[in-house]
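Structure record follows, encoded as structure tokens.
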Amino acid sequence: MVITSVGDRAESSDRHIRRNTAGRPMMPGGYGRSAYHVGAAPTYAVRGEGWRLWDDTGRELIDANGNFTTLIHGNAHPEIVEAAHRAMQRGSAWGIPNLAEWDLAEAVLQRLPGLGQVRFTNSGTEAVMSAVRLARAVTGRDGVVMTKDGYHGSSDVALLASGPSKGVPKAMGDDVTLVPLNDLTALREAFTQRPASHAAIILDLLPNKAGLVEVAPQFVAEARTLASEHGTLLVIDEVISFRLGEHGLSGAYGVVPDLLTAGKLIGGGLPIGALAGRDEYMEPLDPWVPGGIVHSGTFSGNPVSSAAGSAALRLLTASQIDRLNALGDAARTQANEQLQPCGWEVRGRGSLLRPFPAGARKVAEATQHELWWAAYERGVVLSSANLAALSTPMDTAVVTDITERLVDAVKAVAEVTG
Ligand SMILES: Cc1ncc(COP(=O)(O)O)c(C=O)c1O
């Protein structure tokens, strides 16, 4: 089935929606997560293998979404499936510690020179939320500096990166200072105007929501210096960017944060988050130390996510990261040569790519949805914000194929939106 019109889209998905007695979808809006929303109607995945994904109508698609960059080894990688399967056969999670968690702790910390300890969570959201709580406990301050329009998950404080957010107490905004990305003056002012009040400065070195623009090395260096000078903890959020270098993207920048959050790929496709840090700042998490903070979670560090994550990290060698990043660089060059005349560009770094109208930081949601559908109709699944993430099963031929289809989709949307 080729989905061509909004009518078809609605019809194709509506049959799956389970309704309550009032006739409303049992999941609000018919979706299980906000990020699934792509306009007209959802599509449904039924199976994935490597870079391939099949939807419920039998269409074979190229999975350039990879569960929002998580599936760096594609769908159902045999070694990861085997690791998760073996772990699951022994039991899914227990109320006493397990050994798989230590393996993953070691694998993660080996990639993070300068950071000595780690705790696992069930999501990136929880990792960032815990990082903020930890920084507050360490410093005895409440302030949090973030770059404007970043995304650090859906905890109360993280949502404030995009300004006031419904459901988040207004007073929480008093503790948050937003700085435009790469604005050195504003960054310095955040510290001169409110000295000794910031517990943490949170940086994402390739913020997708803020336009997938690279953070200027000078901005990162200044954040590092200001944090150290003012007794503020520098938190680098690598939930997405960890895939970009053997030591994450902070390694590529040559910056060592005080705390680092990760997630997505380090669970091998299963739920995970991680909060790593320098030993001295992780101390409040130590239950032997009186007066610490609570970090728990029934499924935190469960053996199945841990085993799958260790397998994923084992497979993610430095040469695989370099190969994927080179494929992404070539795809960007190829796409940009073709897109220049229609006023669009593909931005990003390494294995992460996303099309934008040239120079734009934001794209209207309706346009993002149109582009998502244009790509889908051409057999490529993007994230709802149009981010494409390459995976290790892909080779040059597949990436060229993705690029051509993406270019074609962008041209179609550019024509429509003028
Ligand atoms: C930079 C960043 N931080 C945190 C998160 C939250 O992670 P999760 O969706 O696992 O809660 C995300 C999710 O996309 C993210 O991109």
Side-chain angles (χ1 to χ4, degrees), residues 84 87-88 90-144 152-158 172 175 198-202 227-228 231-239 242 248 250 256-264 266-268 270-310 313:
M88 187 73 184
R90 291 190 290 262
S92 56
W94 304 289
I96 60 172
N98 67 81
L99 302 176
E101 198 181 1
W102 281 115
D103 291 340
L104 185 60
E106 196 174 7
V108 167
L109 290 175
Q110 267 168 4
R111 291 177 185 243
L112 298 174
L115 305 187
Q117 296 191 319
V118 64
R119 275 283 181 89
F120 294 106
T121 62
N122 301 294
S123 65
T125 292
E126 277 180 62
V128 174
M129 182 184 77
S130 303
V132 170
R133 184 171 303 134
L134 180 57
R136 286 173 165 164
V138 166
T139 61
R141 306 169 180 173
D142 292 340
V144 176
H152 302 286
S154 53
S155 68
D156 280 355
V157 70
M172 282 188 80
D175 294 323
H198 301 307
I201 167 163
I202 307 178
S228 300
T232 298
L233 301 202
L234 175 64
V235 181
I236 297 195
D237 181 358
E238 294 239 29
V239 169
F242 194 62
S250 45
V256 180
D258 299 310
L259 302 177
L260 181 142
T261 51
K264 301 213 192 257
I266 65 159
L270 292 170
I272 199 125
L275 166 59
R278 298 181 192 237
D279 296 359
E280 63 269 37
Y281 300 133
M282 297 291 276
E283 200 178 271
L285 292 167
D286 179 346
W288 293 94
V289 177
I293 63 172
V294 175
H295 158 253
S296 209
T298 303
F299 298 103
S300 293
N302 75 75
V304 186
S305 293
S306 301
S310 291
L313 287 175

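Values in this document were obtained by computation on a predicted structure and should not be read as measured data.
- Partners of A199 under the side-chain contact (heavy atoms from CB on, under 4.5 Å) rule, at least two apart in sequence or in another chain, are A135, R136, T139, R141.
- Between G91 and V304, the shortest heavy-atom distance links the atoms O-CG2, 4.4 Å.
- The nearest pair of heavy atoms linking A158 to G153 is CB-O, 3.5 Å.
- The CD atom of Q110 lies 5.0 Å from the CD atom of E106; values are rounded to the nearest 0.5 Å.
- Judged purely by atom type and a 3.5 angstrom limit, H295 uses its side chain to pair as donor or acceptor with the backbone of F120.
- The CD1 atom of I201 sits 13.0 Å away from atom CG of L259, with the distance rounded to the nearest 0.5 Å.
- F299 places none of its side-chain heavy atoms less than 4.5 Å from the side chain of S305.
- Taking both residues in full, the closest heavy atoms of S306 and G301 are given as OG-O, 3.4 Å, listed atom of the first, atom of the second, then distance.
- When atom types are taken as modelled, the side chain of D237 and the backbone of G124 share no donor-acceptor pair closer than 3.5 angstrom.
- T232 places a side-chain N or O within 3.5 Å of a backbone atom of H198 that can act as its donor or acceptor partner.
- Between S250 and L260, the closest heavy-atom pair is OG-CD1, 3.6 Å.
- T261 and E238 form no side-chain donor-acceptor contact under 3.5 Å, judged by distance and modelled atom types alone.
- Closest of all the heavy-atom pairs between L134 and I293 is CA-CD1, 3.7 Å.
- Taken from NZ in K264 to OG in S123, the straight-line distance is 9.5 Å, to the nearest 0.5 Å.
- Of the possible donor and acceptor atoms, one in the side chain of R119 sits under 3.5 Å from a partner among the backbone N and O of L285.
- A side-chain donor-acceptor contact under 3.5 Å links T125 to the backbone of S154.
- For the pair A127 and A262, the tightest heavy-atom approach, listed with the atom from each and the gap, is CB-O, 4.2 Å.
- Formation of a donor-acceptor pair under 3.5 Å by the S92 side chain with backbone atoms of M88 is not found in this model.
- Taking CD1 from I202 and CG from L234, the interatomic distance works out to 10.0 Å, rounded to the nearest 0.5 Å.
- Here the straight-line distance linking atom CG of L313 with atom CG of L104 works out to 6.0 Å at 0.5 Å rounding.
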Which atom pairs, donor and acceptor, lie under 3.5 Å between side-chain atoms of residues 270-284 and protein residues at least two apart or in another chain?
| residue | atom | partner | partner atom | Å |
| --- | --- | --- | --- | --- |
| R278 | NE | P257 | O | 3.2 |
| R278 | NE | D258 | OD1 | 3.0 |
| R278 | NH2 | V256 | O | 3.0 |

